Protein chains: 2
Amino acid sequence: MTKAPEKAPHRVTLEDVARRAQTSSITVSRALRRPEMVSEKLRARIAEAVTELGYVPDPAASALASRRSNVIGVLIPSVTNSVFADVLAGLYDTIAGQPFNAQLGNTRYAPGIEDALIRVFLGQRPAGLIVTGVDQSPVSRALLEAADCPIVQIMDLGNAPIDMMVGFSHRDAARTATEHLIARGYSCPAFIGARMDPRSERRLQGFRDALAAAGITEGARVVTTTTPSSVALGETLLAQLLAQAPETDAILCNNDDLALGVQFAALRRGIAIGPELGLCGFNDLEVMAAAHPSITSVRTFRREMGKLAIEMLLARIEGRDPDAKVRDLGYALMPRDSTRRDRA
Amino acid sequence: MTKAPEKAPHRVTLEDVARRAQTSSITVSRALRRPEMVSEKLRARIAEAVTELGYVPDPAASALASRRSNVIGVLIPSVTNSVFADVLAGLYDTIAGQPFNAQLGNTRYAPGIEDALIRVFLGQRPAGLIVTGVDQSPVSRALLEAADCPIVQIMDLGNAPIDMMVGFSHRDAARTATEHLIARGYSCPAFIGARMDPRSERRLQGFRDALAAAGITEGARVVTTTTPSSVALGETLLAQLLAQAPETDAILCNNDDLALGVQFAALRRGIAIGPELGLCGFNDLEVMAAAHPSITSVRTFRREMGKLAIEMLLARIEGRDPDAKVRDLGYALMPRDSTRRDRA
DNA sequence: TCGCCGAATGACAGCGCTATCATTAGTTGA
DNA sequence: TCAACTAATGATAGCGCTGTCATTCGGCGA
């Protein structure tokens with residue numbers, strides 16, 4: 001069987017349904033979109049006809065006529081990063097059953113691509129837009145501000161929301177984690193970070209805040225790179241860190257992959273995670289609690305972020321006002337064995 | 001600034017561009033879609049007008065008029081599973097720059113949802129469709145066979161492709177992994193599997209093939225569950241396995257999360273991974289090589305699968321024939337320390 | 001010189017739906 | 001009883017683009 005250029009099968013239209021239900025196409029359209037405007041009897045007849053004919057609406061025609069598509073555009077910088085995968089999971093769970101379609105755009109951490117994608121999305125007259133972070137390029141920002149659909153910025157917080165916002169303070173979260181290290185008795189905490197995007201930069205800032213507040217000098221205990229994060233990179237960065245700052249007795253990683261890599265590398269080097277080297281990740285992926293030793297991390301509420309972003313959009317699309325334009329989801333420090341100096 | 005119900009700004013249409021370039025809208029349309037049909041001079045004028053006016057085509061109008069959208073529908077059973085995230089990464093990388101849009105549908109391992117999503121996607125007159133696996137419901141299969149767009153089934157192989165296929169043999173892969181365990185001297189290999197979908201069932205089959213070929217009896221050394229996979233679940237399943245089959249000296253896990261969980265649990269119990277307990281994962285996520293001890297796994301080519309799926313669709317959309325309708329990407333056993341009995 | 005041809009361009013209709021306004025039927029109060 | 005309303009339904013005109021067919025025009029062979 002060859003499939004590509006077959007003749008197009010007849011498409012079941014509103015007209016067909018109308019004929020079958022002995023009414024007009026516009027009434028069928030109404031029965032589907034605003035059922036309360038159509039009498040119960042007619043509605044039942046129409047419902048039957050829809051089922052019998054297997055009518056499926058054509059979103060293109062609908063979008064064209066109503067000047068509004070059912071697309072919710074979602075711009076994220078990476079599809080593989082499990083942090084975004086979690087956000088997407090929450091997002092897809094919430095959108096399922098709604099008459100909207102999420103459409104993903106992968107900006108690959110590149111402002112140029114983001115600008116282009118925003119243009120493309122806006123060309124679709126989307127029902128709503130979700131964008132990552134608060135550090136859009138001036139071009140992107142201008143486009144978004146002129147857009148006539150609700151917009152949610154996710155993953156971060158900032159002073160000037162384009163429209164709505166749901167995230168948490170990366171800076172506060174990292175400061176809290178660092179304070180935890182200090183409170184646990186580590187006196188020379190270090191920071192390692194891969195893929196230093198704006199959010200990671202804020203985490204580094206939080207780390208520095210805590211050091212400054214505790215009167216600890218940073219020394220050479222910060223190692224960062226723009227290389228994408230991976231578990232293997234954790235080992236590399238650890239080596240680099242210990243070479244340039246051997247006094248290090250604790251590490252805050254800007255994500256959990258790195259922390260896991262550091263843990264494996266420490267095991268390999270015979271360094272006891274906890275007693276000799278404190279270790280804290282970021283995001284609290286599932287593996288952190290299951291690891292041995294279990295790894296301290298800062299939990300972030302990624303699924304909730306996806307869920308809330310959709311809910312805020314839906315509220316606005318339906319004309320309701322969301323509970324608040326800016327939602328701070330916070331974070332939760334999850335202390336585990338990797339920051340216990342007294343571990344067996 | 002409130003955004004939702006602002007007046008719609010004027011949209012730049014082909015007509016506007018045509019006026020500016022002193023030509024007709026249909027010629028502008030052609031200049032954009034089939035540049036070779038328009039004289040070079042006019043093309044330049046049109047290009048200039050497009051830029052100056054910031055024209056962005058309306059995909060809805062295009063879809064309606066041409067009876068063909070630029071949507072490539074992608075049905076996957078899970079958005080969080082990093083295996084699919086990798087496939088998606090390959091897919092998005094390949095589709096970027098092409099005039100097509102991937103649209104994700106999450107079937108959540110439920111045939112009913114899959115049927116519904118296929119109907120919705122087909123209602124959009126997609127340019128192509130990508131579906132996961134070869135075990136569609138009869139309803140889904142009928143819908144897909146009647147569809148008038150190219151279709152690729154990914155992640156698995158089977159005898160009756162709906163149209164095209166790109167995957168590998170889960171059964172062979174698991175058999176190879178099991179043979180490796182046996183060859184390494186483990187005499188009582190076990191299988192643990194979470195989220196036993198059809199592909200995992202075939203892996204289990206491959207495990208059994210190898211045992212049978214080696215004359216080893218399976219005993220009680222198979223533990224499976226339909227619970228979604230996680231690292232933590234690895235510990236649970238290990239406990240269950242060792243309780244019901246203490247003779248076990250090696251484990252094939254149906255995915256890497258589980259293997260990692262087993263490794264952590266073994267560490268916790270003081271079982272030496274390698275000498276005392278052989279361990280093999282499946283998929284070869286990045287963490288497997290970085291783990292300590294490094295974990296043997298079966299590498300699968302997930303990004304390539306996404307890439308190839310798109311390429312096959314593009315070939316057909318453009319009227320070319322793909323190199324082959326069914327592509328077997330194979331797999332690669334990656335032997336590591338977790339299956340070395342002589343490890344230090 | 002004329003007719004023919006292909007390349008380049010254009011006119012026109014219509015894709016399937018919805019916004020808008022018009023019409024009809026049914027209800028109410030004075 | 002009838003104007004004045006509301007609820008329910010319908011007619012009409014596009015939305016912005018592309019498929020199809022028509023037209024124009026310069027070049028070229030006979």
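First the proteins, then the strands, lettered A, B, ... as listed; each starts at 1. No experiment lies behind these values; they were computed from the predicted model shown.
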Flag the pair [X] and [Y] as a salt bridge only when some basic side-chain nitrogen lies within less than 4.0 angstrom of an acidic carboxylate oxygen.
{"X": "R34(B)", "Y": "E36(B)", "value": "yes"}
{"X": "D93(B)", "Y": "R108(A)", "value": "yes"}
{"X": "D16(B)", "Y": "R11(B)", "value": "no"}
{"X": "R68(A)", "Y": "D148(A)", "value": "yes"}

Looking only at the side chain of [X] (C-beta and beyond, no hydrogens), which of the listed nucleotides [options] gets closest?
{"X": "R125(A)", "options": "dC15(D), dA11(D), dT20(D)", "answer": "dC15(D)"}
{"X": "A61(B)", "options": "dG16(D), dC15(D), dG19(D)", "answer": "dG16(D)"}
{"X": "I26(B)", "options": "dT18(D), dG10(D), dC15(D)", "answer": "dT18(D)"}

message: Does T23(A) reach a base, just sugar-phosphate, or nothing at all? Heavy atoms under 4.0 Å.
response: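 Sugar-phosphate only.
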- prompt: Counting any heavy atom closer than 4.0 Å, what does R33(A) reach on the DNA or RNA strands: base, sugar-phosphate only, or nothing?
  reply: sugar-phosphate
Using only side-chain N and O atoms of [X], determine if any of them is under 4.0 Å from OP1 or OP2 of [N].
{"X": "S39(A)", "N": "dT9(D)", "answer": "yes"}
{"X": "T27(A)", "N": "dG10(D)", "answer": "yes"}
{"X": "S24(A)", "N": "dG10(D)", "answer": "yes"}

Starting from [atom2] on [N], measure out to [atom1] on [X] and report it in whole angstrom.
{"X": "E40(A)", "N": "dA7(D)", "atom1": "CD", "atom2": "P", "result": "16 Å"}
{"X": "M37(A)", "N": "dG10(D)", "atom1": "CE", "atom2": "P", "result": "13 Å"}
{"X": "D58(A)", "N": "dC15(D)", "atom1": "CG", "atom2": "C1'", "result": "13 Å"}

field: Nearest non-hydrogen partners of I151(A) and L144(A), listed with the distance
entry: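 Smallest heavy-atom distance, with atoms named: CD1-O, 3.2 Å.
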message: Taking CD in E318(B) as the centre, count heavy atoms belonging to other residues, nucleotides or ligands within less than 6.0 Å. Is the count above 12?
response: yes
statement: Students should find that the nucleotides of DNA chain C closing off the region near chain A, any atom under 4.0 angstrom from a heavy atom, are dG16(C) to dA19(C)
With sequence neighbours excluded, residues passing side chain to side chain donor-acceptor pair (under 3.5 Å) with R119(A): none
